[in-house]
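To start, the structure itself, in structure tokens.
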Amino acid sequence: MNVSNWSGMDAELAEVARRSYRAYVDKDRAAIEQIIAEDFRFTSPLDNRLDRKTYFERCWPNCQSIAEFEFIGGVPENDRVYVTYIGRMDSGRRFQNTEVLTVRGAKIVEAQVYFGWSLPHPAPPGGFLQDT
């Protein structure tokens with residue numbers, strides 16, 4: 001997991017983000033619990049402001065199939081970091097997402113995930129998929 005292209009990012013934000021993604025790859029529940037704040041909220045296209053307990057019940061089990069994250073970039077803004085990555089599953093399936101992590105006191109208090117697409121993209125270059 002290379003975060004060297006985050007060189008311009010605030011060091012604390014970069015470190016908290018890096019540790020959270022590393023915990024997923026390592027399947028290290030104790031490590032992620034140290035990073036996720038008690039008042040944490042998680043939102044994605046499938047989840048609306050889940051609390052910490054529900055996040056661990058619903059989302060954390062996904063770590064079992066995560067093999068790695070390749071970081072496209074990270075941009076800090078105040079107490080937030082915007083992270084775009086390519087994730088790879090143990091099955092080899094790849095996907096690209098962007099996340100907005102809000103960090104306070106070295107803890108993630110909020111994560112917003114914006115789903116991207118599967119890689120390779122199912123539409124041809126310059127093309128699109130028809131709505132079904």
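For the single chain, residues carry numbers from 1 onward in sequence order.
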Item to check | Among Arg88, Met89, Arg94, side chain to side chain contact (heavy atoms under 4.5 Å, CB included) partner for Ser91 | outcome: Met89
Checklist outcome for this item: Separation between CG (Asp39) and CD (Glu110), nearest 0.5 Å, reads 10.0 Å
Item to check | Lys27 side chain vs Ser65 backbone, donor-acceptor pair below 3.5 Å | outcome: no
Checklist outcome for this item: Minimal heavy-atom distance between Ile72 and Ile86, with the atoms involved, is CD1-CD1, 3.8 Å
Item to check | Asp47 CG to Cys59 SG distance, which is reported to the nearest 0.5 Å | outcome: 4.5 Å
Checklist entry - Can you say whether the rings of Phe95 and Tyr85 are parallel (under 30°), tilted (30 to 60°) or perpendicular (over 60°)? => result perpendicular
Item to check | Ile108 CD1 to Ile32 CD1 distance, which is reported to the nearest 0.5 Å | outcome: 5.5 Å
Checklist outcome for this item: Closest heavy-atom pair, Glu12 versus Ala106, reported as atoms and distance to 0.1 Å, is OE2-N, 3.0 Å
Checklist entry - Is there a side-chain contact (heavy atoms from CB on, under 4.5 Å) between Phe115 and Leu46 once you walk through the steps? => result CA-CA 10 Å; Phe115 295 162; Leu46 304 175; 3.9 Å; yes
Next on the checklist: Run the side-chain contact (heavy atoms from CB on, under 4.5 Å) test on Ile66 and Tyr21 for me, step by step, so that the C-alpha distance in whole Å, both residues' side-chain angles and the decisive distance to 0.1 Å come before the verdict.
Outcome noted: CA-CA 10 Å; Ile66 297 290; Tyr21 294 107; over 6 Å; no
Next on the checklist: Checking the side chain of Arg52 only, and the main-chain atoms of Ile36 only, is there a donor and an acceptor separated by less than 3.5 Å?
Outcome noted: yes
Checklist entry - Is the closest side-chain heavy-atom distance between Phe69 and Ser20 below 4.5 Å? => result no
Checklist entry - So, does Asp28 use its side chain to make a donor-acceptor pair with the main chain of Ala31 at under 3.5 Å? => result yes
Checklist outcome for this item: Heavy-atom nearest pair, Val25 first then Glu68, reads CG2-CA, 3.8 Å
Item to check | Distance (rounded to the nearest 0.5 Å) between Leu101 CG and Tyr82 OH | outcome: 10.5 Å
Checklist outcome for this item: dist Leu129:CG -> His121:NE2 (nearest 0.5 Å) comes out at 6.5 Å
Checklist entry - Between Val109 and Phe40, does a side-chain contact (heavy atoms from CB on, under 4.5 Å) hold up when you go through it step by step? => result CA-CA 4 Å; Val109 296; Phe40 175 77; 5.7 Å; no
Item to check | N/O donor-acceptor pair under 3.5 Å between Gln96 side chain and Thr84 backbone | outcome: no
Checklist entry - How far apart are the closest heavy atoms of Leu13 and Asn78, and which atoms are they? => result CD1-O, 3.7 Å
Checklist entry - Within the distance-only criterion (no hydrogens, no angle test), does the side chain of Thr43 pair as donor or acceptor with the backbone N or O of Arg49 below 3.5 angstrom? => result yes
Checklist entry - How far apart are the C-alpha atoms of Arg41 and Asp51, what are their side-chain angles, what is the distance that settles it, and do they pass the side-chain contact (heavy atoms from CB on, under 4.5 Å) test? => result CA-CA 5 Å; Arg41 291 291 181 260; Asp51 63 16; 3.1 Å; yes
Item to check | Straight-line distance of Lys53 NZ to Glu38 CD, nearest 0.5 Å | outcome: 13.0 Å
Next on the checklist: Quick one, Arg29 and Phe56 - any side-chain contact, counting heavy atoms below 4.5 Å?
Outcome noted: yes
